[in-house]
*Asks:* 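Quick one: the structure is below, questions incoming.
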Amino acid sequence: MNLTAIAGIVLVVLAAALMLVFSLVKRKVPPVFRDIPAFSRLRRAIGLAVEDGTRLHFSFGHSSLIVPRSASAFAALGMLRKVAEQTSVSDRPPVVTAGDAALTILAQDTLHSAYRSAAAEGLYDPNAARLTGLTPFSYAAGAIPIMRDEDVSANILMGNFGVEVAFLTDTSERETSFTMAATDSLPAQAIIYATAQEPLIGEELYAAGAYVDAGPSHTASLQVQDILRWLIVAAVLSGVMLKLLGF
Amino acid sequence: MKRPIATAIAIAIGLIVLLGYFIPLPILTSVRIELVQWAIILSGVAVLVGVINLFSVHLKKIREKEKGAVYSLFLIAALLLTFILGIILGPDHSTMQLMFESVVIPVEASLMAMLAMTLIYASIRLLRRRSDLMTVVFLITVLLVLLGTAPLPFGPLPIVGDLIRPFIAQVLAAAGARGILLGVALGTLTTGLRIVFGADRPYGGR
């Protein structure tokens, strides 16, 4: 086993242990997160959609599930689950678009379990989660008519996107819909910063579950990310100091 | 009963694949590779299910005469034609290659060209939508990098082309990108662990 593998396994075991501890230990005071305005505006947009009888549109991008970039899609699925439960009182269930077939199946399954747990299984429509295209641009081209023609009042774009995300944010703006966008791709982050109403940058994508109360494991994972980030900061600063001291 | 079994299988496979990455035991590595190959085969089957989903969504649009049903008709006709020809001729046949090169590539290229216009328009609107310090910094950075990179008729701009643009791209942007990627990596790690340990079950569970 080489040094990189040892460091990797130590990091994974440490993260797993911390997540277990934070998930199981009951805190007297609930954890307080820094304010991210996008999430409070999203809550408002969800409430308005339910009141108006309009739809929410989740766009999951085109990441395949067998690559490391799929984590962004899994984070989005956690968010979909919670939001589908919250909107189960609405006449218009959310619509999901994805550019990967396996991700579409998981989105259908997530919607189904969300409605089952909200005792609203009748709302489930397998066509509410759709594969709109298998290449980035065909995916965007397939998602645009849904954003435009299906009475969508809020778009939540979360997952792995490329530059084609600009078409989605542009359509949302033309339809004067609310847009929250988050991605793990750097070029797409620059684009959503310039074009989306509520862009999330970097790891804020993975914090979404904790901000929409998706469960203690999401809160725990956010706390673990904070601890590991401080450890990395300390390691980087130590490296700089050692370098300056000539080691 | 079905759900706990599915969860147990998912957790066990997740752990085996994870351990296979770190522990160089030949049996663990070969099991990991085998499982990943199964996942690839399942992804292929999922594409077929996804295409059926696409077909049924557009068929419903045509049946119920929804807005844009005519485009759905085109989509279904093209899908069926490509599918049938693909089965009869095979994906490497010259007709299939011609269809790909004369339809898919030009359409994607024209979308790419439209993207450039969309982005210019979005940059103009950005100041109107969010006029804060970071927006101004963002737009000035874009302008400096463009001026430093663009092939100008009178040659590269002095200072901007050989000093400012490389400093922005290689120092400031690289440092920022590494910071963002570290955050993304930590998010990926904790999301992966939630799935592996069954706290999040997007496969018909919780």
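Chain naming here is simple, since letters A, B, ... match the order of the sequence lines and numbering starts at 1 in each. Both backbone and side-chain heavy atoms feed into the values below; hydrogens, waters and symmetry mates do not.
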*Asks:* Among A:Leu65, A:Ile201, A:Thr135, which residue has the highest count of heavy-atom pairs closer than 4.5 Å to chain B?
*Replies:* A:Thr135

*Asks:* So, do B:Leu186 and A:Arg229 sit near enough that their side-chain heavy atoms are less than 4.5 Å apart?
*Replies:* yes

*Asks:* Less than 4.5 Å to any heavy atom of chain B: does that hold for the side chain of A:Ala196, its backbone, both, or neither?
*Replies:* backbone

*Asks:* Restricting to non-hydrogen atoms, name the atom on A:Ser217 and the atom on A:Ser23 that form the minimum distance, rounded to 0.1 Å.
*Replies:* CA-OG, 3.9 Å

*Asks:* Got a donor-acceptor contact below 3.5 angstrom from the B:Ser131 side chain to the B:Arg128 backbone?
*Replies:* no

*Asks:* Quick check on A:Arg174 against chain B: is it the side chain, the backbone, both or neither that has a heavy atom closer than 4.5 Å?
*Replies:* side chain

*Asks:* Report which part of A:Leu134 has an atom under 4.5 Å of a heavy atom belonging to chain B: side chain, backbone, both, or neither.
*Replies:* side chain

*Asks:* Is a side-chain N or O of A:Glu203 found less than 3.5 angstrom from the main chain of B:Val184, in a donor-acceptor match?
*Replies:* no

*Asks:* Quick one: of B:Leu119, B:Val57, B:Leu126, B:Ile23, who has the most non-hydrogen atom pairs under 4.5 Å with chain A?
*Replies:* B:Val57

*Asks:* With only heavy atoms counted, which part of A:Val12 is less than 4.5 Å from chain B, the side chain, the backbone, both or neither?
*Replies:* both

*Asks:* Under 4.5 Å, counting heavy-atom pairs only, tell me which of B:Ile180, B:Leu189, B:Leu111 racks up the most with chain A.
*Replies:* B:Leu111

*Asks:* Less than 4.0 angstrom from a charged side-chain N to a carboxylate O is my criterion; do B:Arg130 and A:Glu198 meet it?
*Replies:* no

*Asks:* Could you check which of A:Ala194, A:Ala102, A:Ala129 has the highest count of heavy-atom pairs closer than 4.5 Å to chain B?
*Replies:* A:Ala194

*Asks:* Do side-chain atoms of B:Lys67 reach the backbone of A:Asp149 as a donor and acceptor pair under 3.5 angstrom?
*Replies:* no

*Asks:* Using a cut-off of under 4.5 Å for heavy-atom pairs, which of A:Thr104, A:Leu77, A:Ile9 has the most such pairs with chain B?
*Replies:* A:Ile9

*Asks:* With a 4.5 angstrom heavy-atom cut-off, is it the side chain or the backbone of B:Ile40 that approaches chain A, or both, or neither?
*Replies:* both

*Asks:* Where does B:Thr190 contact chain A at under 4.5 Å (heavy atoms): side chain, backbone, both or neither?
*Replies:* both

*Asks:* Select, from A:Leu103, A:Leu186, A:Asp184, the one with the greatest count of heavy-atom pairs under 4.5 Å involving chain B.
*Replies:* A:Leu186

*Asks:* Are the side chain of A:Arg55 and the backbone of A:Pro93 linked by a donor-acceptor contact shorter than 3.5 Å?
*Replies:* yes

*Asks:* Pick whichever of B:Phe22, B:Tyr21, B:Tyr71 has the most heavy-atom pairs under 4.5 Å with chain A.
*Replies:* B:Phe22

*Asks:* Between B:Val36, B:Val104, B:Thr118, which shows the greatest number of heavy-atom pairs under 4.5 Å with chain A?
*Replies:* B:Thr118

*Asks:* Would B:Arg194 count as a cation-pi partner of A:Tyr206, with NZ or CZ less than 6.0 Å from the six-membered ring centre and within 45° of the ring normal?
*Replies:* no

*Asks:* Whether the side chain of A:Ser185 engages the backbone of A:Asn160 through a donor-acceptor N/O pair (distance < 3.5 Å, no angle test) should be reported.
*Replies:* no

*Asks:* What part of A:Glu204 lies closer than 4.5 angstrom to a heavy atom of chain B: side chain, backbone, both or neither?
*Replies:* neither

